[in-house]
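Reckoned from all heavy atoms, side chains included, excluding hydrogens, waters and symmetry mates. Note that ligands are numbered from 1 as they come in the structure, with each ligand's atoms numbered from 1 the same way. As the structure is a computational prediction, the values presented were derived from the model and not from experiment.
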Amino acid sequence: MTSPGVHLREITDANRDAVRALRIRRDQKQFVASVSKSLKQAAATPEANPWYRAVYRGDEPVGFVMLSWSPPAGPFEGRHFLWRLLIDKRYQRRGIGREVLTQIAELVRADGAAELLTSYEPGEGEPWPFYRRFGFRPTGEIDDGEIVLRLRLSAR
Ligand SMILES: CC(=O)SCCNC(=O)CCNC(=O)[C@H](O)C(C)(C)COP(=O)(O)OP(=O)(O)OC[C@H]1O[C@@H](n2cnc3c(N)ncnc32)[C@H](O)[C@@H]1OP(=O)(O)O
């Protein structure tokens, strides 16, 4: 399924509350922090070089994505790490998450990177099949109990 009209927008005073109101299912909470928590974490860890956007479908906020964008130091120095991704429970399984990954991969590739990293917490209902279908593969590393994945980006 494809989801036309999906795009990323900056989070400002005008849409912050609407984006913070996005919700995942209760049984998914082990896999990703809330938008509010992620925004607080972003503010508290500038050294991770947080980069985040709201996901919109048309004029409707439907998700949130945050990366650690090529931080200048630390374990993921100079690399692009998909830190948070969530699609509101009302909008899941409509191809929106895949479209977000497509757009993020393109932005990261345009930044000159050869790979996009992420990690997930294993468990019932884990997002691994979603990432695997997109082309992510395990690196063999475990980071704080999470399985680290890599998507190789082709140069153009
Ligand atoms: C770095 C991190 O933040 S890891 C945590 C990721 N976030 C979460 O787990 C929070 C809860 N889940 C979500 O927010 C969303 O369901 C996401 C982000 C995992 C996926 O977004 P969606 O918009 O629902 O996925 P989308 O509809 O684009 O699915 C793409 C493909 O993956 C599959 N898929 C999506 N989620 C899952 C899942 N949990 N299990 C199995 N398959 C899945 C879809 O069936 C589809 O397959 P297809 O190519 O055969 O059609």
Side-chain angles (χ1 to χ4, degrees), residues 1-9 11 15 18-45 47-71 74-77 79-109 111 113 115-153:
M1 196 192 283
T2 59
S3 228
V6 174
H7 60 280
L8 305 179
R9 284 193 200 173
I11 297 177
N15 66 358
V19 179
R20 282 160 42 116
L22 296 171
R23 294 286 177 266
I24 53 174
R25 295 200 316 264
R26 186 188 296 266
D27 61 296
Q28 296 176 324
K29 287 190 176 170
Q30 60 180 302
F31 301 120
V32 72
S34 67
V35 175
S36 293
K37 188 171 175 194
S38 295
L39 292 177
K40 280 187 195 144
Q41 235 177 328
T45 52
E47 65 275 15
N49 211 17
W51 180 97
Y52 52 80
R53 291 289 184 273
V55 177
Y56 274 75
R57 192 182 64 170
D59 269 333
E60 197 70 38
V62 296
F64 174 77
V65 60
M66 180 161 102
L67 278 80
S68 174
W69 191 284
S70 191
F76 295 105
E77 178 183 343
R79 301 166 92 187
H80 298 74
F81 194 98
L82 176 65
W83 191 0
R84 299 283 153 73
L85 173 62
L86 67 89
I87 304 299
D88 184 275
K89 59 187 178 187
R90 295 165 297 165
Y91 297 97
Q92 292 178 9
R93 300 291 185 118
R94 298 178 188 201
I96 298 175
R98 177 172 42 215
E99 179 58 30
V100 173
L101 286 183
T102 301
Q103 294 185 21
I104 292 293
E106 181 55 29
L107 290 170
V108 168
R109 196 199 60 75
D111 198 39
E115 61 178 22
L116 171 62
L117 300 171
T118 191
S119 68
Y120 73 93
E121 170 102 22
E124 182 73 26
E126 64 193 15
W128 162 232
F130 166 73
Y131 288 117
R132 178 171 43 77
R133 275 181 174 81
F134 196 81
F136 282 85
R137 296 292 176 263
T139 64
E141 295 156 87
I142 307 288
D143 180 38
D144 202 17
E146 299 209 350
I147 295 168
V148 181
L149 304 176
R150 173 197 292 122
L151 177 72
R152 292 190 190 280
L153 305 170

Heavy-atom proximity to atom 8 (C) of ligand 1, best of I24, L86, I96, L85 | L85

Is there any N or O on G97 that sits under 3.5 Å from an N or O of ligand 1?
-> yes

Which atoms of ligand 1 have any heavy atom of T118 under 4.0 Å away?
-> 1 (C)

Decide yes or no for L85 and Y131: does some side-chain heavy atom of the first lie under 4.5 Å from some side-chain heavy atom of the second?
-> yes

Indicate yes or no for a side-chain donor-acceptor contact from R137 to the backbone of R132 under 3.5 Å, with no hydrogens or angles considered.
-> yes

Heavy atoms only: which of K89, E99, Q92 is nearest to atom 12 (N) of ligand 1?
-> Q92

Ligand 1 N/O within reach of Y91 N/O, cut-off under 3.5 Å | no

Within-cut-off N or O pair, Y120 and ligand 1, under 3.5 Å | no

Side-chain contact test, heavy atoms from C-beta onward, threshold under 4.5 Å: evaluate it for L82 versus V108 and give yes or no.
-> no

Residue portion contacting ligand 1 (non-hydrogen atoms closer than 4.0 Å) for I87 = both

Options R93, R25, M66, Q30, ranked by nearest heavy atom to atom 34 (N) of ligand 1, top entry | R93

Determine, using heavy atoms of W128 and all atoms of ligand 1, whether some pair is separated by less than 4.0 Å.
-> no

Could you tell me whether ligand 1 has any atom less than 4.0 Å away from a heavy atom of Y131?
-> yes

G63 to ligand 1, any heavy atom closer than 4.0 Å = no

Is there side-chain contact between F64 and I24, with at least one heavy-atom pair below 4.5 Å?
-> no

Could you tell me whether Q28 approaches ligand 1 through its side chain, its backbone, both or neither, with non-hydrogen atoms closer than 4.0 Å?
-> side chain

Contact check, side chains of D143 and F76, non-hydrogen atoms, under 4.5 Å | yes

Do V100 and R53 have side chains that get closer than 4.5 Å, going by heavy atoms?
-> no

Parallel under 30°, tilted from 30 to 60°, perpendicular over 60°: which one fits the rings of H80 and W69?
-> perpendicular

Which ligand 1 atoms does V32 reach within 4.0 Å, using its non-hydrogen atoms?
-> 3 (O), 10 (C)

Taking the side chain from E126 and the backbone from G123, do they hold a donor-acceptor pair closer than 3.5 Å?
-> yes

Classify the contact between W83 and ligand 1 as side chain, backbone, both or neither, using a heavy-atom distance cut-off of under 4.0 Å.
-> backbone

Under 4.0 Å from any heavy atom of R84, which atoms of ligand 1 are there?
-> 3 (O)

With the threshold set at 4.0 Å, does a side-chain nitrogen-carboxylate oxygen contact exist between D59 and R9?
-> yes

Consider every N or O of F130 and every N or O of ligand 1, then say whether any pair is closer than 3.5 Å.
-> no

